[in-house]
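Quick caveat: nothing in here was measured; it's all calculated off a predicted structure. Throughout, residue positions are numbered sequentially from 1 according to the sequence presented.
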Amino acid sequence: QEAILHIELQLRDSTHRPMWARNAAYHGYLVGKHQLPVYSNVIYFHPTAGENDTGLYEYSWQGYEYRLQYKVIRLSQIEGETILAKQTPGLLPFLPLMKPKTGMDTEQWVQDCIDTAIAVSTDQQMQSDLLCAISLFGSIVHDIKLFKRLISEEIMQESKYYQFLREQFIAQGIEQGIAQGIEQGERNTTIRHILALLESRFSADAVRNMSAKVESIDDLQRLEELHIAASNVQSLDTFINMLDV
């Protein structure tokens, strides 16, 4: 079956607009543009995120009906031991965010995640990148000092991701740098999505002429609001006026 798989990665709760409303906007745009089924998933990273997200929005009145259902995946509710046993490299960075083995404390669980990453690594570069990713995602929930203590600095320095973060944020300290790196990545991605969405609806040249205004916005929440608006505005001029508000 030809379809669209939509995956929303959410560190914490959606603050400016409920997730069901955001998904309704995404689905409306994707279905309208591609005329294909859309299967949507929202993956929450932080343990307290998405607690009130049922994955369902529906209403009916006088014969009118609307129903939107999507899968809600909370990493903190996934049995980490099951994922650990698979030893799939691509899933290992998310293990510290999952449920540890029964009766196991945080430090031992993180140590198991690190040991598994070392065991499945095919070379030094892969090992370093996996350990850096485990530290990066794990610090969303756990104290980053735990990862600094359990993972040697020498191994981390071999990772291209670690080197990038260190080069970008060494003056402010690696802890703050990682947090800013995550936010900056989200900001850049959201800007790209806004401009791509506008170019699909309006003149690409006109969008490029005003792109600098969007790229100058630092507030991630404001960008997320504009992302939703980009799928609904009736004209590019209307969107440009919103940038000046």
Side-chain angles (χ1 to χ4, degrees), residues 1-78 94 97-98 183 185-211 213-215 217 219-245:
Q1 179 188 8
E2 186 177 7
I4 295 172
L5 179 64
H6 167 235
I7 300 175
E8 180 82 8
L9 303 177
Q10 191 73 21
L11 288 181
R12 293 178 174 81
D13 282 320
S14 177
T15 54
H16 72 284
R17 187 170 302 197
M19 186 55 67
W20 60 262
R22 289 173 56 181
N23 263 290
Y26 299 150
H27 277 237
Y29 167 72
L30 292 170
V31 172
K33 181 173 179 61
H34 301 287
Q35 293 91 54
L36 289 171
V38 177
Y39 301 115
S40 186
N41 306 267
V42 179
I43 302 177
Y44 288 101
F45 282 40
H46 198 274
T48 62
E51 292 180 327
N52 298 319
D53 189 353
T54 64
L56 176 66
Y57 173 61
E58 60 181 344
Y59 59 83
S60 62
W61 177 79
Q62 297 292 322
Y64 297 95
E65 294 186 0
Y66 179 85
R67 179 182 176 87
L68 169 66
Q69 189 163 9
Y70 52 94
K71 289 186 181 295
V72 174
I73 301 170
R74 300 179 183 88
L75 293 183
S76 63
Q77 295 182 356
I78 295 177
F94 307 103
L97 304 178
M98 299 179 187
E183 183 174 350
E186 287 184 312
R187 175 182 172 274
N188 292 341
T189 299
T190 304
I191 289 173
R192 287 198 302 271
H193 287 174
I194 290 172
L195 297 178
L197 184 54
L198 291 173
E199 287 186 7
S200 72
R201 302 187 62 210
F202 309 113
S203 164
D205 289 337
V207 172
R208 281 192 286 271
N209 289 337
M210 52 73 64
S211 62
K213 281 192 171 184
V214 178
E215 293 168 348
I217 298 174
D219 189 338
L220 180 58
Q221 181 173 327
R222 174 63 173 149
L223 287 169
E224 289 176 344
E225 293 172 351
L226 291 171
H227 187 198
I228 299 297
S231 65
N232 299 320
V233 293
Q234 299 303 309
S235 70
L236 185 59
D237 287 339
T238 301
F239 184 84
I240 293 174
N241 290 336
M242 293 176 63
L243 299 178
D244 298 326
V245 174

Nearest heavy atoms of [X] and [Y], plus distance in Å:
X    : Y    : value
N41  : Y39  : ND2-O, 3.9 Å
V233 : F202 : O-CZ, 3.8 Å
P37  : Q1   : CG-NE2, 3.5 Å
R187 : E215 : NH2-O, 2.5 Å
Q35  : G32  : NE2-O, 2.5 Å
R201 : A230 : NH1-O, 2.8 Å

Discussion item. Atom CG of residue position D219 - does it have more than 12 heavy atoms of other residues, nucleotides or ligands inside 6.0 Å?
Written reply: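 Count over threshold, so yes.
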Worksheet item: Should we say atom OH of Y66 is surrounded by more than 12 heavy atoms from elsewhere, each under 6.0 Å from it?
Response: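 Buried by this count: over 12 neighbours within 6.0 Å.
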Under 3.5 Å donor-acceptor, [X] side chain and [Y] backbone:
X   : Y   : answer
R74 : T48 : no
D13 : A49 : no
R12 : H46 : no

Discussion item. Using the rule given for side chain to side chain contact (heavy atoms under 4.5 Å, CB included), can you reason through Y26 versus V38, listing the C-alpha separation, both sets of side-chain angles and the distance that settles it, and then say yes or no?
Written reply: CA-CA 9 Å; Y26 299 150; V38 177; over 6 Å; no
Going by heavy atoms in the side chains, are [X] and [Y] under 4.5 Å from each other?
X    : Y    : answer
F239 : V207 : no
R22  : V42  : no
Y70  : H6   : no
R67  : E65  : no

Worksheet item: Going through the distances and angles, do E199 and R208 end up as a side chain to side chain contact (heavy atoms under 4.5 Å, CB included)?
Response: CA-CA 8 Å; E199 287 186 7; R208 281 192 286 271; 3.8 Å; yes
Any chance you could measure [X], atom [atom1], to [Y], atom [atom2], to the nearest 0.5 Å?
X    : Y    : atom1 : atom2 : answer
L226 : I217 : CG    : CD1   : 5.0 Å
N23  : D53  : CG    : CG    : 8.0 Å
L195 : H227 : CG    : NE2   : 10.0 Å
L68  : E58  : CG    : CD    : 10.0 Å
M19  : R17  : CE    : CZ    : 11.5 Å
L223 : I228 : CG    : CD1   : 12.0 Å

Practice prompt. For the residue pair Y29 and H34, categorise the inter-ring angle as parallel (less than 30°), tilted (30 to 60°) or perpendicular (more than 60°).
Written response: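 Plane angle over 60°, so perpendicular.
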Item to complete: Anything under 30° is parallel, anything over 60° is perpendicular, the rest tilted; go ahead and classify Y57 against W20.
Response: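 Y57 and W20: parallel rings.
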Practice prompt. Evaluate the side chain to side chain contact (heavy atoms under 4.5 Å, CB included) criterion for residues Y59 and Y64: first the C-alpha distance (whole Å), next the side-chain angles of each, then the deciding distance (0.1 Å), finally the verdict.
Written response: CA-CA 8 Å; Y59 59 83; Y64 297 95; 5.7 Å; no
